[in-house]
Number of protein chains: 2
Amino acid sequence: MVFKIKGIAIDIDGTITFKDRSLNCKTVEAIRKLQIPVVLATGNISCYARTTAKLIGVSDIVICENGGVVRFEYDGDDIVLGDVVECLRAAEYLRNFFEVELLDSEYRKSEVCLRRKFELEEGREALKKGGFDKIRLIDSGFAYHIVDARVSKGKALEYISKELGLNVKEFAAIGDSENDIDLLETAGIGIAVANADLKLKEMADIVTSKKDGEGVIEALEFLGLI
Amino acid sequence: MVFKIKGIAIDIDGTITFKDRSLNCKTVEAIRKLQIPVVLATGNISCYARTTAKLIGVSDIVICENGGVVRFEYDGDDIVLGDVVECLRAAEYLRNFFEVELLDSEYRKSEVCLRRKFELEEGREALKKGGFDKIRLIDSGFAYHIVDARVSKGKALEYISKELGLNVKEFAAIGDSENDIDLLETAGIGIAVANADLKLKEMADIVTSKKDGEGVIEALEFLGLI
């Protein structure tokens, strides 16, 4: 059995890191062996993503803010795919019902990030009643994100694939959270690590038996990439 | 022989990274064993520093922008110690003589970072002739930095020591570049890795026999910290 994988997209927090968000060094060493483009895909800001890419030593192509921002070079520019205005309006609206604490707001260009201080479903219900149908409220496992409904990690991967001259189905994708669902759907092969959200495991093509970074190594070996 | 070290300040690029700026994973594992506060000290921006601290898994106390910014918590605020205005004026003045390319200008709060496109000494000479005596032009080995003359990594370490209730002389410091000189001077014990600038090696208390990340491990072992 041979997989024809020409690129790989990997989530950062909870996928290549431990729960405390520190890197699994064995996983870093494994990723460095890959001979295909590695796209880090995160809900975090572009500066976090590009720093992680540099420290791991992979290509500087990153998906940030859940697909709202992509970046091709460390010293290049952010390409902003999402509109932050409606997201900010939604965050203000949520203040009517919940304690709302914004995270990294000075750095976010396409979305709003909130500390997880209320129930996700209650937040979604409030936004639905408020008529906010152009945004989505998603949970990265580390924070909530109010994102432009038109952007996602999967759409960002399509954007990057085109730029690289690849078909997005030639990508494999590995993640752990609900915000990775469309990334795994969009890629040719979708892999959930053992600690992943139940929803992600249900839709993934492959679920690893090991957790986070160890699961990533297991997947890379299974795919014959290392 | 016993060293009474209660904290350690470590430069990032060229000290715990390889020349391509990717992390030495062995060094990361060694740093994780430390039982004392680890302060990462870099010429890079606060977002780069806090990301690196999180990925390594040390305390979130960081010195950024060559001491122009310090930060105590990942989700905390930048404490800006340097004034960027005169630095920007100096950068504009340098355009009269050299090709000037600013780096990360949207993120820098206390200094200006330039790609190394001219000779350092020629740049310094030009600034001297232009009467710019409130700024310094320094070389981190990866970029040039125009910094407020009142700030330095060493002064930032003093600031942090006070906050932590430590004497700055209870810190050891490890670096590789000219912009680490005052950090090593300020700390109780100053250590240069084998790949360090000659000037840094000359003033350091200890020079390791191994390069960058391997040198850091050698130093931590010598100090009895791991």
Side-chain angles (χ1 to χ4, degrees), chain A residues 12-33 38 40 42 44-60 62 64 69 71 73-78 80 101-109 113-117 142-143 213, chain B residues 12-33 38 40 42 44-60 62 64 69 71 73-78 80 101-109 113-117 142-143 213:
Chain A
I12 300 173
D13 289 304
T15 303
I16 58 172
T17 73
F18 298 106
K19 209 168 179 178
D20 71 356
R21 301 180 63 189
S22 66
L23 282 172
N24 183 322
C25 289
K26 277 190 216 162
T27 312
V28 170
E29 300 277 20
I31 290 172
R32 282 181 187 164
K33 290 182 194 160
V38 177
L40 296 180
T42 178
N44 216 314
I45 53 179
S46 81
C47 176
Y48 183 91
R50 75 173 189 155
T51 302
T52 308
K54 186 61 80 189
L55 293 173
I56 293 180
V58 291
S59 79
D60 292 330
V62 288
C64 332
V69 173
R71 194 175 175 108
E73 289 172 51
Y74 182 81
D75 283 328
D77 293 313
D78 287 336
V80 182
E101 184 191 347
L102 303 195
L103 297 172
D104 303 324
S105 52
E106 70 176 309
Y107 295 120
R108 293 202 180 254
K109 296 179 178 177
C113 184
L114 311 175
R115 202 180 291 283
R116 296 159 96 225
K117 286 192 168 174
F142 293 86
Chain B
I12 300 174
D13 289 305
T15 303
I16 58 172
T17 74
F18 299 105
K19 210 168 178 180
D20 70 356
R21 303 179 63 187
S22 65
L23 282 171
N24 183 323
C25 289
K26 277 190 216 162
T27 312
V28 171
E29 301 277 20
I31 289 172
R32 283 180 186 165
K33 291 182 194 157
V38 177
L40 296 180
T42 178
N44 215 316
I45 52 179
S46 82
C47 175
Y48 183 91
R50 75 174 189 155
T51 302
T52 307
K54 186 60 81 189
L55 293 174
I56 293 180
V58 290
S59 78
D60 292 329
V62 288
C64 332
V69 173
R71 193 174 176 108
E73 290 172 51
Y74 183 80
D75 283 327
D77 292 313
D78 287 336
V80 182
E101 183 190 349
L102 303 194
L103 297 171
D104 304 323
S105 51
E106 69 175 309
Y107 295 120
R108 293 202 179 254
K109 296 179 177 175
C113 185
L114 310 175
R115 201 180 291 285
R116 296 159 97 225
K117 285 192 168 175
F142 294 86

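In this text, all values refer to a predicted model and were calculated from it rather than measured experimentally. Chain letters run A, B, ... following the sequence lines, proteins first, then strands; residues in each count from 1.
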J.: Select, from B/V28, B/D75, B/L103, the one with the greatest count of heavy-atom pairs under 4.5 Å involving chain A.
T.: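 The answer is B/D75.
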J.: With a 4.5 angstrom heavy-atom cut-off, could you sort out which part of A/D20 is near chain B: side chain, backbone, both or neither?
T.: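 Backbone of A/D20 only, per the 4.5 Å heavy-atom cut-off to chain B.
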J.: A/N44 versus chain B, heavy atoms under 4.5 Å apart: side chain, backbone, both or neither?
T.: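 For A/N44, side-chain heavy atoms alone lie under 4.5 Å from chain B.
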J.: With a 4.5 angstrom heavy-atom cut-off, could you sort out which part of A/D78 is near chain B: side chain, backbone, both or neither?
T.: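 Answer is side chain: those atoms of A/D78 sit under 4.5 Å from chain B.
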J.: As a quick check of understanding, evaluate salt bridge (Lys or Arg N to Asp or Glu O under 4.0 Å) for B/K109 and A/E106, giving each step before the final call.
T.: CA-CA 12 Å; B/K109 296 179 177 175; A/E106 70 176 309; 3.1 Å; yes
J.: If you count heavy atoms of other groups shown closer than 6.0 angstrom to NZ of A/K117, is the number above 12?
T.: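 It does: A/K117 NZ has more than 12 such atoms within range.
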J.: Can you say whether A/T27 sits under 4.5 Å from chain B via the side chain, the backbone, both, or neither, judging by heavy atoms?
T.: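 Neither part.
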J.: I'd like to check A/I12 versus A/Y48 (side-chain heavy atoms, cut-off strictly below 4.5 Å). Are they in contact?
T.: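 They are in side-chain contact.
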J.: Between A/D60 and A/R71, is the closest basic N to carboxylate O distance under 4.0 Å?
T.: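 So A/R71 does not pair with A/D60 through a salt bridge.
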J.: I want to check something: taking the side chain as every heavy atom from C-beta on, are A/L23 and B/I56 in contact at a cut-off of under 4.5 Å?
T.: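 Sidechains of B/I56 and A/L23: no contact.
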J.: Closer than 3.5 angstrom, by distance alone: can the side chain of A/R50 be matched with the main-chain N or O of A/Y74 as a donor-acceptor pair?
T.: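 Yes.
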J.: Contact part of A/I16 toward chain B, heavy-atom cut-off under 4.5 Å: side chain, backbone, both or neither?
T.: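 Neither part.
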J.: Under 4.5 Å from any heavy atom of chain A, what part of B/L55 do you find: side chain, backbone, both or neither?
T.: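 For B/L55, backbone and side chain are both near chain A.
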